[in-house]
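Each ligand, and each atom within it, is numbered from 1 in the order the structure gives. FYI, side chains are in, hydrogens and waters are out, and symmetry mates aren't considered; it's all heavy atoms of this structure. It should be emphasised that the depicted structure is a prediction, and the values quoted were computed from it without experimental measurement.
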Amino acid sequence: AQALLTPGDLAGVRVVVSAGGTREPIDPVRFLGNRSSGRQGVALAAEAAARGAEVTLVAANVSGDVREAARHPGIRVVTVGTAAELSAAMAEAGADAQVVVMAAAVADYRPVEVSARKLTKDTGGVPPIELVENEDIVAGLAAARRAGQLVIAFAAETPEDEAEMLDRARAKQQRKGVDLLVVNEVGWDRGFERAENTVHILGPGGTAAGTASGSKREVAAAVWDAIVRER
Ligand code: CTP
Ligand code: CA
């Protein structure tokens with residue numbers, strides 16, 4: 001609702017938003033994945049388009065019903081599966097974007113080998129799955145950004161308390177070199193697959209740049225408000 005009161009503050013701004021979660025194949029029928037639905041990223045894309053931005057939504061394994069909310073003439077959707085595909089799509093779409101928002105949940109590791117054939121129990125024993133770390137996509141985008149471009153990361157944390165969450169978030173923001181970091185607390189019963197969300201927004205140098213609570217669209221509006229204040 002907030003967005004409808006401030007239309008046009010992103011008019012003509014080129015933005016890229018990633019959403020969803022990557023899947024790293026093990027064999028033709030199995031993958032390592034995570035519980036991200038893509039709802040927060042899609043809400044960020046929809047909010048930006050409603051404010052006049054030209055949006056590229058890079059969607060990693062976002063189901064059709066969640067994508068529905070991104071149906072807007074101002075939104076172009078690029079579909080990816082793995083972290084490597086997401087990285088390539090972000091590099092391409094991010095090249096001439098003024099704002100890059102990395103809301104997708106990236107698998108930290110991928111299997112070293114992808115079996116061409118389905119693993120079966122015939123082999124005997126429990127198959128070991130050797131993993132290798134994926135590159136940090138948002139850190140790479142932040143390191144490569146040109147003057148005037150803003151890079152925003154998200155972080156999902158499962159902390160003991162809010163102070164620990166903010167400490168971890170500040171360290172993460174610094175490590176990744178991003179302009180803004182949006183942190184939300186997740187757990188078995190919150191964050192994922194939920195309509196509601198609560199976030200803290202950290203600005204440059206770890207400063208408090210806002211908090212938001214409510215629907216994912218309301219959170220998206222607060223995130224864009226913070227981005228607009230930084231521009
Ligand atoms: N991210 C990324 N590339 C990765 C991992 C994460 O671009 N290989 C991005 C996510 O999209 C998100 C931010 O980094 O915007 C924070 O993700 P998070 O998983 O919280 O950070 P990690 O550095 O992976 O730290 P952790 O060990 O807490 O998972
Ligand atoms: Ca991670």
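- In this structure, Leu150 and Leu180 have side chains that are not in contact, with every pair of non-hydrogen atoms separated by 4.5 Å or more.
- Residue contacts with ligand 1: Arg168 is included, with a non-hydrogen atom under 4.0 Å away.
- Using a 4.5 Å cut-off on side-chain heavy atoms (C-beta onward), Val101 and Val15 make no contact.
- Between Arg117 and Asp27, every side-chain heavy-atom pair lies at or beyond the 4.5 Å cut-off.
- Distance from atom 19 (O) of ligand 1 to its nearest protein heavy atom, with residue and atom name: Asp108 OD1, 4.4 Å.
- If you check which protein heavy atom lies closest to atom 23 (O) of ligand 1, you get Lys176 NZ, 2.8 Å.
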Steps toward side chain to side chain contact (heavy atoms under 4.5 Å, CB included) verdict (Val182, Gln40) = CA-CA 11 Å; Val182 183; Gln40 186 62 71; over 6 Å; no

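- Inter-residue side-chain proximity for Phe154 and Leu44 is flagged as met; some heavy-atom pair is nearer than 4.5 Å.
- Interface atoms of ligand 1 facing Ala153, defined by a heavy-atom separation under 4.0 Å, are 15 (O).
- The contact set between ligand 1 and Ala155, taken as ligand atoms under 4.0 Å from a residue heavy atom, comprises 20 (O).
- Across all their heavy atoms, Leu86 and Ala104 have their closest contact at CD2-CB, 4.0 Å.
- Here the protein heavy atom with the shortest distance to atom 3 (N) of ligand 1 is Ile137 N, 3.0 Å.
- Those atoms of ligand 1 with a heavy atom of Ala104 less than 4.0 angstrom away are 10 (C), 11 (O).
- Atoms of ligand 1 found under 4.0 Å from any heavy atom of Val138, numbered from 1 in the order shown, are 2 (C), 7 (O), 9 (C), 14 (O).
- Between Asp9 and Arg51 there is a salt bridge, since at least one side-chain N of the basic residue sits less than 4.0 Å from a carboxylate O of the acidic one.
- Nearest to atom 16 (C) of ligand 1 among the protein's heavy atoms is Phe154 O, 2.8 Å.
- For atom 26 (P) of ligand 1, the closest heavy atom belonging to the protein is Lys172 NZ, 3.8 Å.
- If you number the atoms of ligand 1 from 1 as listed, the ones under 4.0 Å from a heavy atom of Glu135 come out as 3 (N), 4 (C), 8 (N).
- The shortest N or O to N or O distance between Ala103 and ligand 1 is not below 3.5 Å.
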Evaluation steps, salt bridge (charged side-chain N to carboxylate O under 4.0 Å, His left out), between Arg145 and Asp179 | CA-CA 11 Å; Arg145 75 185 178 283; Asp179 300 293; 3.1 Å; yes

